[in-house]
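Note that the structure is predicted; figures quoted are calculated from it, not measured. Within every chain, numbering begins at 1; the chains are lettered A, B, ... in the order of the sequence lines, protein sequences first and strands thereafter.
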Amino acid sequence: MRLATDLFASAQATVRAVGAYALFALRVLAAVPGALPRPGLVIAQVYNTGALSLVIIMLSGLFVGMVLGLQGFDLLQRFGSEESLGTAAALSLLKELGPVVTALLFAGRAGTALAAEIGLMRATDQLAAMEMMAVDPLRRVIVPRFLGGLIAMPLLAAIFSLIGIFGAQLIGVQLMGVDPGHFWSQMRAAVEVGDVMEGAIKSAVFGALCSLIAVHEGYHALPTAEGVGRATTRSVVISSVIVLLVDYLLTAVML
Amino acid sequence: MTQQAAAPEAPAGLAVRVRDLHYAVNGRTILAGVDLDVRRRSVTAIMGPSGTGKTTLLRLLTGQLRPTRGQVEVDGQDLSRLSRTGLFALRRRMGMLFQQGALLTDLDVYENVAFPLREHTRLPERLLRHVVLTKLQAVGLRGAWRLTPAELSGGMARRVALARAIVMDPRLLIYDEPFVGLDPVSLGVVLRLIRRLNDALGLTSIVVSHDVREITAVADHCCLLSGGRIIAAGPPRALQASDSAEVRQFVRGEPDGPVPFHYPAPDYAVQAAAVR
């Protein structure tokens, strides 16, 4: 009986949290048109979330690509088809690893920064001060950060995939001796626009989700040091789980 | 005090009118029937011990919180009937100084003061600069215009926030604990600014504070909030001469009295014996 009650309460809390997220998302979307006349605010956030994450994204892309080159070569060699390494690396990166790993890194680097920044603004009354100056914090603070993340994420994922392909080429062609002609020509022949689009759609969806989760957690953080810390942690944990879950759903739909 | 004597005669009419205001959160009553009148162009002090709901009252006066029961009228407008747009329109005529200043940490001093102007007006940059520098001059910080909030002392941050609060030429200015954590010099500066700005700009000021000596020196009217109600109201001298034990305890800063020194607790022996 106790278990049933606990389960019911837990389910109720989950439904309430999902509902709160949905309502918040609607409020953010409704405030988007009001924020568009100020592109400078959005561009500043593309810089904050995107440009400042570039180094970690590029480094990670390179290493993931290099691992992919090693593992891919080892695997394909067993079937005598190591010339397909370019295709395998490109498809893995464009369709899956690029969007997913970038989203996880984005949640860890930019998402936590967003949640902590907004949470601290809440704790130090900056959001309340804006309200008192008749400025809607949702329009002035939240929407530019949401849009910044939404724009930055697909760009970061594209850079990750490109650097990753370079890393795979570095290992496969330069180190393992795969023929460069085969590596590039097979990749060009096999990769289609649809594959690139699949990655682009995924990364845009992940960008929207990670940004929304980060700004939601920051905006609703308790105005204490512990509250801000908890919001930051929740932001990265929820984003990571949701990205992996939605990745499966999107893959199932788009395959 | 001479500054008080120089204050202009308050014209008829109320800037703020509060009737039977109740507020409870999580079943705990914070305010239980507050009545308050704030005359135009006066400095009204709301005093009371810590935790009596002074800041809550301010948040109710500015529409940041909704009362459980009762009515708040600001500038003749009932806050409960205002939409969010109406509330924002009203807030453009109000300025508020938060306890720690609440400056926007990603902007420098100049941009912090310019913030409301950039959000609500389309002033040419030259005129905007003139207005911002004038307000910074009024609080004595024109020279600090390029400093960031992290480079300011507590008193300076409070003064920058004051410049920001008056940049839209509000009619009502609200101060939430403006003296907390200030050194005597900064405190004197802020105290003088409250009176000077009120008189020079023809404002109505509401100051929430528990610093009795400081605030009674500058206020025209004082209210003492305790136990969720206003237990005494009147000119500072009347409060100081009050024969109510509760008022006397607060005004004289006596550690024990009607407001007990000890937080309610069970019997000492019972509590000490209950070791787990």
*asked:* Donor-acceptor pair, distance only, cut-off 3.5 Å: does the side chain of A:Q126 make one with the backbone of B:T105?
replied: yes

- Task: May I ask you to check whether over 12 heavy atoms, not counting those of B:R142, lie within 6.0 Å of atom CZ?
- Result: no

With a cut-off of 6.0 Å (strictly less than), are more than 12 heavy atoms of other residues, nucleotides or ligands near CZ of B:R122?
no

Under 4.0 Å between a Lys/Arg side-chain N and an Asp/Glu carboxylate O for B:D106 and A:R140?
no

_Atom CZ of B:F88: over 12 foreign heavy atoms under 6.0 Å_ = yes

Rounding to 0.5 Å, atoms CZ (B:R164) and CE (A:M133) come to a distance of 4.0 Å

Atom CE of residue position A:M254 - does it have more than 12 heavy atoms of other residues, nucleotides or ligands inside 6.0 Å? yes

#### Entry: Enclosure of A:R38 CZ (heavy-atom neighbours >12, cutoff 6.0 Å)
yes

One option among B:E119, B:M96, B:R92, B:Q64 has the most heavy-atom pairs under 4.5 Å with chain A, and it is B:E119

Is the closest basic N to carboxylate O distance between B:R59 and A:E131 below 4.0 Å?
no

| query | Counting only heavy atoms not in A:R109, do more than 12 sit closer than 6.0 Å to its CZ atom? | reply | yes

Review point. Less than 4.5 Å apart, any side-chain heavy atom of A:D136 and any of B:R84?
Key: yes

So CG of B:L103 and CG of A:D125: to nearest 0.5 Å the spacing works out to 11.5 Å

